[in-house]
2 protein chains.
Amino acid sequence: MSAVDKAFHGLRHMIATGRLGAGERIPPEAELGEELGVSRGSLREAVRMLAALGVVEPRHGSGTYVSQLRPEDIIGSLSLTLELLPLPGLLEVYEIRRVLEAHVAAKAAARRTPETVRTLFSLIEAMEATDDPAEASELDHRFHAEIARAAENPTLASLLAVFRARSRKYQVFTLPEGPELRRKSDADHRVLATAIADRDPGSAAGAAEAHVTQTERWLRAFMPPVEEGAQGREKGGEADGALS
Amino acid sequence: MSAVDKAFHGLRHMIATGRLGAGERIPPEAELGEELGVSRGSLREAVRMLAALGVVEPRHGSGTYVSQLRPEDIIGSLSLTLELLPLPGLLEVYEIRRVLEAHVAAKAAARRTPETVRTLFSLIEAMEATDDPAEASELDHRFHAEIARAAENPTLASLLAVFRARSRKYQVFTLPEGPELRRKSDADHRVLATAIADRDPGSAAGAAEAHVTQTERWLRAFMPPVEEGAQGREKGGEADGALS
DNA sequence: CGGCCAGGATTCATCTGATGACTTTCCCTT
DNA sequence: AAGGGAAAGTCATCAGATGAATCCTGGCCG
């Protein structure tokens, strides 16, 4: 086993067995490196791996701390790389989104509070009022995040947040057809929010699924089709510079 | 921005824009480090981060290569850390599994081939024949993976595979009640496989959801309850040495 | 007595240089 | 032409030194 692997698995094992608890500071590099039998450089590479995976967080001058190990910490690591997924994979993500958004919508409808309903409709009004595509995208994200929050499953909420972030990168609202798409999207949101306000899980699930399906259809229609046998590799046309 | 961040984002951008394609070898450390304006050490830390996330793969003596960027490459990175998730988070994962397993079961029922049905029943027979809990767990995994495969969504299949791997770490079949639980599990499998063989998506979804719910119930019943306000931190009892 | 501040100690961040291990390539020998 | 071995290329690892950010301690001042 390589030195970095030894440090990586050793450190992970210390966390898994509770020797290093959530939020705790791990020993200094020199000390831990000696204990694990690797140099500081190799240990640092292992720590960086765990940091990329959301397990630890180094703080300059202070120390390196184990994260809270909450679902969002672990799942959030996907957001760094999910945008590298080629288009065919993205369409598969949409199928997952469709199922899960329908589920959280139904659950939110069953568990909604008056505050949730108020928040949803105020976000809808803000969405309908703005002309800025970027702001509309941000409000759209918060609208769906609010529904996921109401479903009371943080793991599921963060998973959907990661998936949505991937979709947002394509910025369909900035297309020439953007305003038209946004009007349709706003209408979808009102149907969905109304179903939740009415405590109607079935309608909410249907509305959420239809909304995701609609978004997926736009993506298929307006995005460059993938050439056959091209190993799923994207060309350089990623609309990346505007927001990231 | 720190040197490692500069290298990490720079390298990721080179991949996102297609300057480095899937499967391609990236420039040598010395050359790439100079281009990105960081030392070899910092570049290596950034490369390790991307490796942990499934984006690149260093090969000793040969070079560092961009992965195929398939969904399983990206999602598979979760398997390294999902086992660190405390128990409360795991129960939230079960809710996601329940929804998604039901979906893939329904889809598999709609799209099944004779080969799929044959494979499922042969796995069931092997499961019923063995006495080894570890082998039973492995066959159980392959049974569900086959259903996910039949649903023709590799991203979803790998996501479910990661979730199942986390659950398997608890090894309920090795408990004193194991044999009894396995008989119930085997019966569930027959119901599910029969529904798929009958091309009955509704029954398949119901059977899959019931099966996951049953597993979750076992976990709640037999695993140590979490003490209130304990920040979800696990004690050292993880049954880790047997299989990993 | 309490708060503030300066300086030292601690810790991570980065760079440089050197050596070893592994893979690939290519040329020489048979 | 095939096989073997040397050489180049590349990642892996270690050691040492310096910089930067934070934390802590002790003394000073109000």
Side-chain angles (χ1 to χ4, degrees), chain A residues 1-15 19-69 73 77 80-81, chain B residues 1-15 19-69 73 77 80-81:
Chain A
M1 169 153 16
S2 71
V4 174
D5 278 5
K6 192 169 26 165
F8 179 83
H9 287 108
L11 198 42
R12 192 181 62 142
H13 189 256
M14 290 170 79
I15 297 171
R19 181 170 158 197
L20 291 175
E24 196 173 326
R25 192 177 74 173
I26 74 176
E29 290 175 349
E31 183 179 330
L32 190 54
E34 187 176 10
E35 173 179 342
L36 294 171
V38 301
S39 71
R40 273 190 59 228
S42 296
L43 173 62
R44 279 183 60 80
E45 292 185 19
V47 168
R48 285 289 189 185
M49 291 172 70
L50 287 168
L53 294 168
V55 175
V56 303
E57 178 196 349
R59 297 181 203 163
H60 191 173
S62 172
T64 299
Y65 298 79
V66 179
S67 83
Q68 292 304 318
L69 300 178
D73 298 324
S77 69
L80 289 170
T81 57
Chain B
M1 179 168 352
S2 72
V4 174
D5 278 6
K6 192 167 30 165
F8 179 83
H9 287 109
L11 196 43
R12 192 180 61 141
H13 190 255
M14 290 169 79
I15 296 170
R19 179 168 160 198
L20 291 175
E24 194 172 328
R25 192 177 74 173
I26 75 177
E29 292 175 348
E31 183 180 328
L32 190 53
E34 187 176 11
E35 173 179 343
L36 294 172
V38 301
S39 72
R40 273 189 59 231
S42 296
L43 173 62
R44 278 183 61 80
E45 292 186 19
V47 168
R48 287 287 189 184
M49 291 172 70
L50 287 169
L53 295 168
V55 175
V56 303
E57 178 195 351
R59 297 178 204 165
H60 192 172
S62 174
T64 299
Y65 298 79
V66 179
S67 83
Q68 294 303 318
L69 298 179
D73 298 325
S77 69
L80 288 171
T81 57

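Each chain gets a letter, A, B and so on, in the order its sequence line appears, and its residues count up from 1.
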Are the side chain of S67(A) and the backbone N or O of V56(A) linked by a donor-acceptor pair below 3.5 Å?
no

Side-chain heavy-atom pair F8(B), L53(B) within 4.5 angstrom cut-off
yes

Interatomic distance, K6(A) NZ vs dC14(D) C1' [rounded to whole Å]:
12 Å

Any donor-acceptor N/O pair, E35(B) side chain to L32(B) backbone, under 3.5 Å:
no

With a 3.5 Å distance limit and no angle check, can you tell me whether R25(A) reaches the backbone of S62(A) through a side-chain donor-acceptor pair?
yes

Rounded to whole Å, how long is the line connecting atom CG of L36(A) with atom P of dT13(D)?
13 Å

Are there any protein N/O atoms within less than 3.5 Å of an N/O atom in nucleotides 16-18 of chain D, and if so, which ones and at what distance?
| unit_1 | atom_1 | unit_2 | atom_2 | d |
| --- | --- | --- | --- | --- |
| dA17(D) | N6 | R40(A) | NH1 | 3.4 |

Using modelled atom types only, decide if a donor and an acceptor are shared between the side chain of H9(A) and the backbone of D5(A) within a distance under 3.5 Å.
yes

Any I15(A) side-chain heavy atom under 4.5 Å of L69(A) side chain
yes

Quickly work out the H60(B) NE2 to dC11(D) C1' distance and round it to whole Å.
5 Å

Check the phosphate of dT13(D) against R48(B), side-chain N and O only, distance under 4.0 Å to OP1 or OP2. Yes or no?
yes

Please tell me if S2(A) has a side-chain N or O lying less than 4.0 Å from either OP1 or OP2 of dT13(D).
yes

Nearest to the side chain of R44(B), which nucleotide is it out of dC14(D), dT13(D), dT22(D)?
dT13(D)

Rounded to the Å, how far apart are E31(B) CD and dC11(D) C1'?
14 Å

Working note: M49(A) + E45(A), criterion side chain to side chain contact (heavy atoms under 4.5 Å, CB included); need CA distance, chi angles, decisive distance, verdict.
CA-CA 6 Å; M49(A) 291 172 70; E45(A) 292 185 19; 5.7 Å; no

Is a side-chain N or O of S42(B) found less than 3.5 angstrom from the main chain of V4(B), in a donor-acceptor match?
no

Categorize G63(A) for me: base, sugar-phosphate, or nothing, with a 4.0 angstrom heavy-atom threshold over every strand shown.
sugar-phosphate

When the distance from CD of E57(B) to C1' of dA12(D) is rounded to whole Å, what number comes out?
15 Å

Is a side-chain N or O of R12(A) found less than 3.5 angstrom from the main chain of L80(B), in a donor-acceptor match?
yes

Closest-nucleotide mapping onto DNA chain D: is M1(A) or G61(A) further toward the 5' terminus? I mean the 5' end.
M1(A)

Quick one: is dA21(D) close enough that its OP1 or OP2 comes under 4.0 Å of any side-chain N or O from S62(A)?
no

Would you grab the first and last nucleotide of DNA chain C (5' to 3') that comes under 4.0 Å of any non-hydrogen atom in chain B?
dT14(C) to dT23(C)

Nearest-angstrom distance from the residue atom CD of E29(A) to P of dA15(D):
14 Å

Report the distance from atom CZ of R59(A) to atom P of dC23(D), rounded to the nearest whole Å.
8 Å

Rounded to whole Å, CZ of R25(A) lies from C1' of dA21(D) at a distance of 14 Å

